[in-house]
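Naming: A, B, ... by sequence-line order, numbering from 1 per chain. Just so you know, these numbers come straight off a predicted model, no measurement behind them.
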Number of protein chains: 2
Amino acid sequence: MTGQEDKPARKRRGGGRPTIADVAARAGVSTITVSRALRDPHKVSETLRDRIDQAVRDLDYVPDSHASALASARTNVLGVVVPSLTNNVFSDTLRAIYDGLEGGPLRVQLGNSRYSAAEEERLLRIFLSQRPCALIVAGNDQTPAAREMLENADCPVVQIMEVSPDPVDMMVGFSHFEGGRAAGAHLIAQGYRHIGFVGARMDPRTKRRQAGFAQAMKDAGMYDPALIMTTATSSSVALGGWLLRELRQKRPDLDAVFCNNDDLALGALFECQRSGISVPDEFGISGFNDLEMMAAAFPTLTSVRTDRYGIGLRAVEMIRACLDGHPPARKILDLGFAVQARQSTARSPRD
Amino acid sequence: MTGQEDKPARKRRGGGRPTIADVAARAGVSTITVSRALRDPHKVSETLRDRIDQAVRDLDYVPDSHASALASARTNVLGVVVPSLTNNVFSDTLRAIYDGLEGGPLRVQLGNSRYSAAEEERLLRIFLSQRPCALIVAGNDQTPAAREMLENADCPVVQIMEVSPDPVDMMVGFSHFEGGRAAGAHLIAQGYRHIGFVGARMDPRTKRRQAGFAQAMKDAGMYDPALIMTTATSSSVALGGWLLRELRQKRPDLDAVFCNNDDLALGALFECQRSGISVPDEFGISGFNDLEMMAAAFPTLTSVRTDRYGIGLRAVEMIRACLDGHPPARKILDLGFAVQARQSTARSPRD
DNA sequence: TTGTATGCGTTATCAG
DNA sequence: CTGATAACGCATACAA
């Protein structure tokens, strides 16, 4: 084979979108200059930058993120894995994550593990294979394999919703154990004496709240396992009513209940109303999380306020800090909680 | 400076993960064969397939999705853009989408437009630049630019939550206008005569429900704009109480209210309880969407049931069908709604 | 500050 | 059914 002629313009495989080369040609520069002008504008002279920007607009050029990821082995994707999309707790946090990312270049890849550690592991494996710039996962109860993957991940990792002494990397949340204990202590302080616990789904955080509640009861010498009613079923308002009814049938002396979340608490309130039990005088109710409705109910419902939105914001802040090269000094951020005492536990003093 | 020796094996840029070439070498085949064995197993002889599978396991090989996307100009990413992550309506649908994708190869890229058409357009632009295999967006009120982008997208597009005669491509939802009208008609049928409307956020779907409600009132000769109270503020239980209180102050003759969503309805119920107004005899309440809590409340709350979960499932089904080469005959799927009449509108007959 | 050469890991194309 | 080769579009490394 000798003089091979000029090949006529090759056919494009990709849908014919303008590439960085088209922009470069139009601006009369090289592709790498376009690349720089778009990612580090200050590294390119103003003259060229203007020409390039103009060409970008003219051609309606949008960079190909896959090509970029392939060439640089980096992405702008923040992987987020949560156990539930419908649970208000996580949707509040998710909203905060999206809000915190506002305006920045980071995108979210969201996974729903449905409270399954195995599914979480699967999702993390996929996410990590795409070289995320950071990861956010819920809690500290990963499978051993997932834990190892996270520890070997060469990107910042934030575990959210909980605090524990052994984070993979960073952590933002609060102590569910202490939250449960505080709720129990509050009910005791309000004068209730036969205090039950109602819980659903029983994920790790739920269990820790239950353990904290039990601790409070034990500390007061009031612990009675027969006052505890839980189910693996997922939480709902109706379920709160059913569980409370069951519990009251078994133990008519029950005079208060700590509901593991606010949906259950609302259901418990309705159940009391249906049964003609006066809240709070005859019966006290506390929820957990302090969703907006708790303060709007009648009577207003006591709950343990948690800063779900703040958790999401802080997680994003920590990640940004890491990516900017200023990893936060504190790896563990405890955002705490606060018992919001309201009418549903404000029993008139007895003597 | 002079005789440059053999370069020792080049340093890998990417974190040293095994590549398809490593697998190929280990299995003693070419890379393309590995590629085929993984994507179209039936196109490769069983012998080689087994050798390749073994090599994949040995090396713990995971394909690089970016390289794949770049080379093939295709991805397994389903872009989803919703107006809200916290609104139960969308989180139910999202959950269905994730459930519907279960087990399959498709991933979700989720965007939150926060009820902003401009943000929606921005997200769609980004998503489309990544060559999604399909798109799901809420409603039919895109900006003209977004509409055009969707029409030119070379992938299936499903608009969800609503139905309208002019979809971009496919559509799954129901008529909000008719839903609002049905709720109004129900209240009229129950004997209420001074029926108000309470609405928040006032996004396009909300407005259509309001329009339907107004139509019902007009049809009955009962339309009174002074009985309508709306706000751009986002919806909440507390807001439902406040709006109802305002409305009742202005119009003490009000004897029922159609709340544009269930949070508002719950707030309205609490407001009645606070004010000692008996529901349903003195005052009727209907919500919209029929969230789980409506049936669990006391009194149980009337609402318009919508199939948010079904919408998500059907959207995924339609997309899978398209990707499998069997585009559905019906491009528009109306999943309807149903008035769930409950205690809150079951007024004792008057004569 | 700008450009040249080349690699990133995979798949399309076409030949055998 | 299998393989050699050339893209895919961008970014790194190094030169100028």
Side-chain angles (χ1 to χ4, degrees), chain A residues 1 4 7-52 56 59 61-76 105 129-131 133, chain B residues 1 4 7 9-52 55-56 59 61-76 129-131:
Chain A
M1 318 311 178
Q4 50 180 60
K7 289 181 189 167
R10 279 192 326 271
K11 235 196 302 191
R12 275 254 176 70
R13 286 207 299 227
R17 265 174 30 188
T19 73
I20 204 171
D22 298 325
V23 175
R26 187 171 233 273
V29 299
S30 71
T31 61
I32 186 61
T33 303
V34 175
S35 176
R36 278 196 280 254
L38 294 175
R39 305 196 313 111
D40 301 296
H42 66 276
K43 289 193 155 189
V44 170
S45 71
E46 200 174 322
T47 328
L48 289 190
R49 211 189 316 152
D50 290 346
R51 288 225 305 269
I52 291 169
V56 165
L59 297 175
Y61 168 73
V62 181
D64 183 314
S65 59
H66 301 296
S68 171
L70 179 58
S72 69
R74 280 184 283 97
T75 68
N76 287 324
S129 82
Q130 330 215 91
R131 305 180 181 287
C133 64
Chain B
M1 326 297 186
Q4 51 178 61
K7 286 183 192 167
R10 274 196 331 271
K11 237 196 301 192
R12 278 251 175 73
R13 287 210 296 228
R17 267 173 29 188
T19 73
I20 203 171
D22 299 324
V23 176
R26 188 170 231 274
V29 298
S30 71
T31 61
I32 187 62
T33 302
V34 176
S35 176
R36 278 196 279 255
L38 294 175
R39 306 197 309 111
D40 300 299
H42 66 276
K43 289 193 158 191
V44 171
S45 71
E46 200 175 324
T47 329
L48 289 189
R49 210 189 317 151
D50 290 346
R51 286 225 307 270
I52 290 169
V56 165
L59 297 175
Y61 168 73
V62 181
D64 184 316
S65 60
H66 300 297
S68 172
L70 178 58
S72 69
R74 280 183 281 97
T75 68
N76 288 324
S129 82
Q130 331 217 121
R131 305 180 180 287

From CD1 of B/Ile32 across to C1' of C/dT10 the rounded distance in Å is 8 Å

Rounded to whole Å, the CD1-P distance (B/Ile52 to D/dC1) equals 13 Å

- Task: Taking the side chain as every heavy atom from C-beta outward, state whether A/Ser35 and A/Ile20 have any pair of such atoms under 4.5 Å apart.
- Result: yes

Practice task
Answer whether the closest heavy-atom distance between the side chains of B/Asp22 and B/Arg26 falls below 4.5 Å.
Solution key: no

Per atom distances to the B/Arg36 side chain, the nearest of D/dG3, C/dC8, C/dG3 is D/dG3

Would you say the side-chain atoms of B/Asp40 pair up with the backbone N or O of B/Lys43, donor to acceptor, closer than 3.5 Å?
no

**Report entry** Phosphate OP1/OP2 of D/dT12: any A/Arg39 side-chain N/O under 4.0 Å
**Finding:** yes

In whole angstroms, the gap separating C1' of D/dT2 from CZ of B/Arg51 amounts to 12 Å

*A/Ser72 side chain N/O closer than 4.0 Å to the phosphate oxygens (OP1, OP2) of D/dC10?*
no

Winner on side-chain proximity to B/Leu70, out of D/dC8, D/dT2, C/dT10, is D/dC8

If the cut-off is 4.0 Å, is A/Ser35 near the phosphate of D/dA11, judged by side-chain N/O to OP1 or OP2? yes

From CG of A/Asp64 across to C1' of C/dT10 the rounded distance in Å is 13 Å

Problem - C/dT10 phosphate, OP1 or OP2, under 4.0 Å from B/Ser68 side-chain N/O - result: no

Does D/dC1 have its OP1 or OP2 closer than 4.0 Å to a side-chain nitrogen or oxygen of B/Arg49? no

Base, sugar-phosphate, or nothing: which does A/Val34 touch, judged by heavy atoms less than 4.0 Å apart?
nothing

For a side-chain hydrogen bond (donor to acceptor under 3.5 Å, both in side chains) check, start with the C-alpha distance between B/Ser65 and B/Ser68, then their side-chain angles and the critical distance, and finish with the verdict. CA-CA 5 Å; B/Ser65 60; B/Ser68 172; over 6 Å; no

Taking C/dT10, C/dG3, D/dG9 as options, the one with an atom nearest any side-chain atom of B/Ala67 is C/dT10

Rounded to whole Å, the CZ-C1' distance (A/Arg17 to D/dG9) equals 9 Å

Between CZ of B/Arg131 and C1' of D/dG9 the distance, given in whole Å, is 10 Å

In whole angstroms, the gap separating C1' of D/dT2 from NZ of B/Lys43 amounts to 12 Å

Between CD1 of B/Ile20 and P of C/dG9 the distance, given in whole Å, is 11 Å

Should B/Ser45 be listed as having a side-chain N or O under 4.0 Å from OP1 or OP2 of D/dC1?
no

message: Test your reading of the model: is there a side-chain donor-acceptor pair from B/Arg51 to the backbone of B/Glu46, 3.5 Å cut-off?
response: no

